[in-house]
Every structure is written in structure tokens, then in C-alpha cells.
Amino acid sequence: MKRLPWLEMRKKTDPELPLEPPIWFGNQSNGEYFRPATKKDRKMRKLILETCDENARKLGMDRRDFLASAMGMATTLSVISAVSACSSDDAVNKDAGHAVPKDAGLDRELACAVIGGDEFIFDVQTHWFKKDDLANFPAYLQLFGQLFDRTTETEYVKNMFLESDTTVAALTAWPGIACTGQVTTNCGLPLSNESNAASRDHINDSLAHHTQRVVNHVQVMVQDTQGIDYELAIMEAAKNTYGVAAWKMYPGFQPIFKMDDDRGRAVIQKGLDLGVPLFCVHKGLPIGTFFSVEGNHPRDVGVVAKDYPEARFMIYHSAICAGSDSTANAPPEGPYDPNEADPKGVNALIRSLEDNGIGPNQNVFGEVGSALNQVQKDPVVAAHFFGKLMKYVGTDNVLWGTDCIIYGSPQPFIEWFRTLTIPQSMMDTYGYPALDDAQKAKILGLNAAKVYGLDPHATRCRVEQTETALLKRRLDHEFGTRRWAFQEPSGPRTWDEFVQHSRDCVRLGRPG
């Protein structure tokens, strides 16, 4: 078969591309957390590469071309499913996997049909970082500077809109400390609220013909030493000056606060008073040495959801790994047990909702960014993760997010999710809804469109006429699709690198 144009046009002097599956099976880190590759991960990677090599030889293709093709993704997903079936002794879980026909690994058109789609995709957790905003915060730059070099606005537009099927994205930030007249050193955000809004306008107005491809968040750092009144003033100024779609909060960022303490409640009430009732709250996912397990626990979520029914709480990462001090120590997602004394992960979020009478499809939403990395290699774990969210948080309240561009293009996550299934045996045993095409379309974007007040059909029509959409079609035609292949995580690659990074965090202090 003919080589992929974007591979054929590479220069001989270009660095050699790695031979890796389209889904990353090595160590994973974005600098904030570290998930080491397991023995099972390494075995699956080896089996995928061997199977792809075998299929490539049958078709007379170069191995890299095959790995970068839709057939490479189909083969990868088939191997993940096969490994899951062989390693499971539980008849209930045995059929968990991906809906990929056997022939898709050797049939380009079939593979494209299986992993392709035409959904309205709204990614509610995306990032790029602006080093200039940290001019007064050298410690932050020293900790994450290499990551920030690779996650610019230019790369953001390229990865999100030219190399993925994403339609609309929410641009959000990391925590930090606001610079003021009194605080001028060791302060700043990796993307300030002002820069976030400016990027929104630049992308929407200049690159998207005044079409809403990006919505912005405003970071509310309740921990700031200036006091809660200062943060409330920031909220009002942001709303009145450049607008805001949602508020972003990090209760676990030390010194911690709780959503149901006086400071958390003040922010919620201020958001409601300003007519912006959507609060995006980081919960669960442990980050570095400067996040608290207690502050990351979602037990306060149900309390404020009950006390503020007019507010909407989007729980980032769906509280995965809640109750654990690292992703490596967190138990895998399994079925929810109402009698468990101290539930972890998503189950901790479910318990908080049940304890406070918050049922499905009310005012709490589960977002899946970075949680995808924790469940992607195991279809049983993934089925429990999405099954529980749909059952207990609600089929209308599960929201797509990827945490990209920290991980590069979100396209591998999108294609992985399009083929994921929850087997009938798990639906019968645990009461999970079907993860069918209708539910996937809701999770990928239709649910978020309702939350943010967008008309998906009208937005999609306008987006298709924008410069970025037209450029994507031209690039796909000239160079071929799947130009994101062979991307690698942006953070430390080895445990030693991450340990050194963690030591630097201790030595330099938390970034905020």
C-alpha cells in the first residue's frame, strides 16, 4: 500500500519516529503525577507491536505506516480486548472490550468506519500555558518549564482543531497565586485569567470567523493570602470585563479549603449572584507534593449540591483516585458497594451524592479528563468507570474532557471511546445503562452543550465554515489524516526523572 503522505514527505535528516502503538503504553506523567507502566502494560505493548508487524507484512506495508493508520488503531483495540478476555476469570466481566471486527486490522475502510464518527465533540478540559504569565514566578517555570515550552497556543490550535475531531473546547488553567500591588513575587498563573479570555477571543474571532470554538474559565484561588474578598472581587471584575463561562477551583491545592466551608460557600454564592452558576472543581486526582488527599476528597460535593440546587458542579476527573496519595496507589475502579466503609475514587463521589440525596441527572456532573489514562488499558475498569457515572451521576451528566494538549492531540482518546462497550452481563449484574451510540454522542458533546448553553447543530454548522476547519480539510487531503500518530506524553518519562521533579517541588516550594 502507498505510504501515508505525511510520513513519505519527512526528510531523511528528521529524527526517526518511534515504533509505538497509537495508544501510549509507557510510563505516563504530565509533571504533576506519575503512573508507571505495569507489567501488563509492557506485555500488551509488545503484543500490539508484534500483531501490527504481522498485519503490516500481510499487507506489504511499512510498520510505521501501519501503526499510524486506522488499521493500527483497530489492531491495538482488538489486542486490548483479547488480553482483557484472556486475563478475566469472571464471566460477568469477560466480554468487556471494544467493538472492533476481526477484519478491521487488515481492512482500511472497515477500520476507518469503526473508529470514525461524526459527533459534536465538546472537550470541557483543555490547556495551553503562557510562560510570560509566570515572569514573577521563577520556581513555577523551573518546575514545569519544559512542559510549558511544548504547550503553546499555536500547538493548542494544531492539536485540538487541526489534528482531532473536537468541535468546541473549554480552556482552563492550573492553580497559582494572583499578583497584586502587595504581592509581586512568587505569583502568577500558568495561564492568567486575562490571557485565557484573550486566547478565547483570538481563536474565536481571528481563526474561527467569530464562531465559538473556545469557552473560557476563570481561576478562583480561594487559598490566596489576600483573602476571600479579593477573590470575590476578581470574579466580579472578570465577569464584567471579559466574561466567563465557568469558575475553576482547586480545593486540594494547599492550603486547602472545602466547598462547604465559609470560603467555598462565598465563592458559590458570588457565582450565583453574577449569573454564572457553573463551578468546575478538581477532585480526586493526586497532583505532586502540593496537593492534599483530604482537600481532594469529594465528600463536600454532595453537601453543596444539596444546599445550592441552582448551582451546577462539574467534578473534574470524576474524583478518580480520591482517598489515595498517588495514582499508583489508587485501587482500580470496580463496582460501587453501598456498604463500603471508606469508598475510594469515583465511589467516594457516588457516596457523597447518595448521603445528601443527590440523584442522577441533577446538579452534579462527572468529567473524565486524565481519568481516561487510568482506565484506558483495561476494558473492565473502563466499563465500570463509565457505567457507574451513567448510573449514579446520570446519563445526561457525564461530560467529555481529555486534559489535552498536555497529552498531545485528544484523537486517540476519542477513537478509543467510540469503540468501548459495556457488555450485557455487566449491565444485568450492576444495572449499568448501555454505552451505545446515543449515549456516546451525549457524553462526547451533547451533554456539555446543554451545560454551557450552546446549540450543537448551529455551532457545528458555523464551525465547519471557519478557517481552522477548512485548513484541517486541506491538510487531511494533502498530507493525510492521523498526523498526530507517535505522540508521547509531555512529562517525565522515568521514575527517576519524576522523583527528581518531586524533589524540586519540595526544594522550590509549591507553585502557588
Side-chain angles (χ1 to χ4, degrees), residues 24 26-36 125-156 158-160 171-179 183 185-196 199 217 219 221 223-224 248-250 252-255 280 282 285-292 295-296 316-317 321 325-328 369-370 373 401-410 487-512:
W24 181 254
N27 298 330
Q28 287 189 326
S29 174
N30 62 3
E32 296 179 313
Y33 73 90
F34 188 85
R35 179 189 180 277
Q125 185 180 182
T126 67
H127 301 277
W128 74 269
F129 302 106
K130 187 175 182 179
K131 294 179 69 173
D132 290 349
D133 289 346
L134 291 172
N136 297 324
F137 212 157
Y140 214 147
L141 284 175
Q142 187 168 347
L143 287 174
F144 297 106
Q146 290 184 344
L147 170 65
F148 297 162
D149 284 337
R150 295 190 292 269
T151 49
T152 62
E153 185 185 47
T154 299
E155 285 297 306
Y156 179 82
K158 171 178 171 285
N159 281 271
M160 294 304 304
L171 182 57
T172 192
W174 276 5
I177 291 294
C179 294
V183 179
T185 60
N186 295 325
C187 61
L189 297 172
L191 185 69
S192 70
N193 292 327
E194 294 79 8
S195 293
N196 191 318
S199 181
H217 289 175
Q219 188 74 259
M221 290 308 301
Q223 298 93 332
D224 267 359
K248 180 70 177 297
M249 306 170 73
Y250 280 90
F253 188 66
Q254 298 190 41
C280 302
H282 178 109
L285 189 71
I287 297 182
T289 58
F290 37 86
F291 265 68
S292 158
N296 268 345
Y316 267 35
H317 318 293
C321 304
D325 60 1
S326 75
T327 57
S370 277
N373 292 326
T402 62
D403 231 346
C404 290
I405 63 169
I406 292 173
Y407 304 111
S409 167
Q487 62 187 5
E488 300 180 16
S490 298
R493 305 293 175 80
T494 68
W495 176 248
D496 288 343
E497 288 180 3
F498 183 73
V499 168
Q500 182 59 50
H501 176 83
S502 298
R503 288 172 180 164
D504 288 342
C505 288
V506 174
R507 177 172 57 86
L508 295 169
R510 70 185 180 93

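- D133 and S192 get closest at one heavy-atom pair: OD2-N, 3.0 Å.
- Under the rule for a ring-ring contact (aromatic ring centres under 6.0 Å, His included), Y316 has no partner lying at least two apart in sequence or in another chain.
- For H217, the ring-ring contact (aromatic ring centres under 6.0 Å, His included) criterion is met by no residue, not counting sequence neighbours.
- Without hydrogens or angle criteria, H317 side chain to G369 main chain gives a donor-acceptor distance under 3.5 Å.
- No donor-acceptor pair under 3.5 Å is formed between the side chain of H282 and the backbone N or O of M249.
- Taking CD from E153 and NZ from K158, the interatomic distance works out to 14.5 Å, rounded to the nearest 0.5 Å.
- By the 4.5 Å heavy-atom criterion applied to side chains, N373 and S370 are counted as neighbours.
- Between F148 and Y140, the ring planes lie tilted relative to each other; the angle falls in the 30° to 60° range.
- For S292, the side chain to side chain contact (heavy atoms under 4.5 Å, CB included) partners are Q254, I256, E294, not counting sequence neighbours.
- The side-chain hydrogen bond (donor to acceptor under 3.5 Å, both in side chains) test applied to K130 returns no partner, not counting sequence neighbours.
- No side-chain N or O of Y407 forms a donor-acceptor pair with one of T402 less than 3.5 Å apart.
- Between the OG1 atom in T154 and the CD1 atom in I405 there is a gap of 9.5 Å [rounded to 0.5 Å].
- Of all non-hydrogen atoms in H127 and A173, the two that sit nearest each other are CE1-O, 4.0 Å.
- In this structure, CG on L189 lies 11.0 Å from CZ on F129, to the nearest 0.5 angstrom.
- K131 is linked by a salt bridge (Lys or Arg N to Asp or Glu O under 4.0 Å) to D149, counting only residues two or more places apart in sequence or in another chain.
- One distance of note links CH2 of W128 with OG1 of T151; it measures 9.0 Å at 0.5 Å rounding.
- With sequence neighbours left out, N196 forms a side chain to side chain contact (heavy atoms under 4.5 Å, CB included) with L171, L191, N216.
- The structure places CG of L285 at 8.0 Å from CG of D403, a figure rounded to the nearest 0.5 Å.
- At least one donor-acceptor pair under 3.5 Å links the side chain of Q219 to the backbone N or O of W174.
- Of the inter-residue distances, the one linking C187 atom SG with L134 atom CG reads 9.5 Å to the nearest 0.5 angstrom.
- For the residue pair C321 and P286, the shortest heavy atom distance occurs at CB-CD, 3.6 Å.
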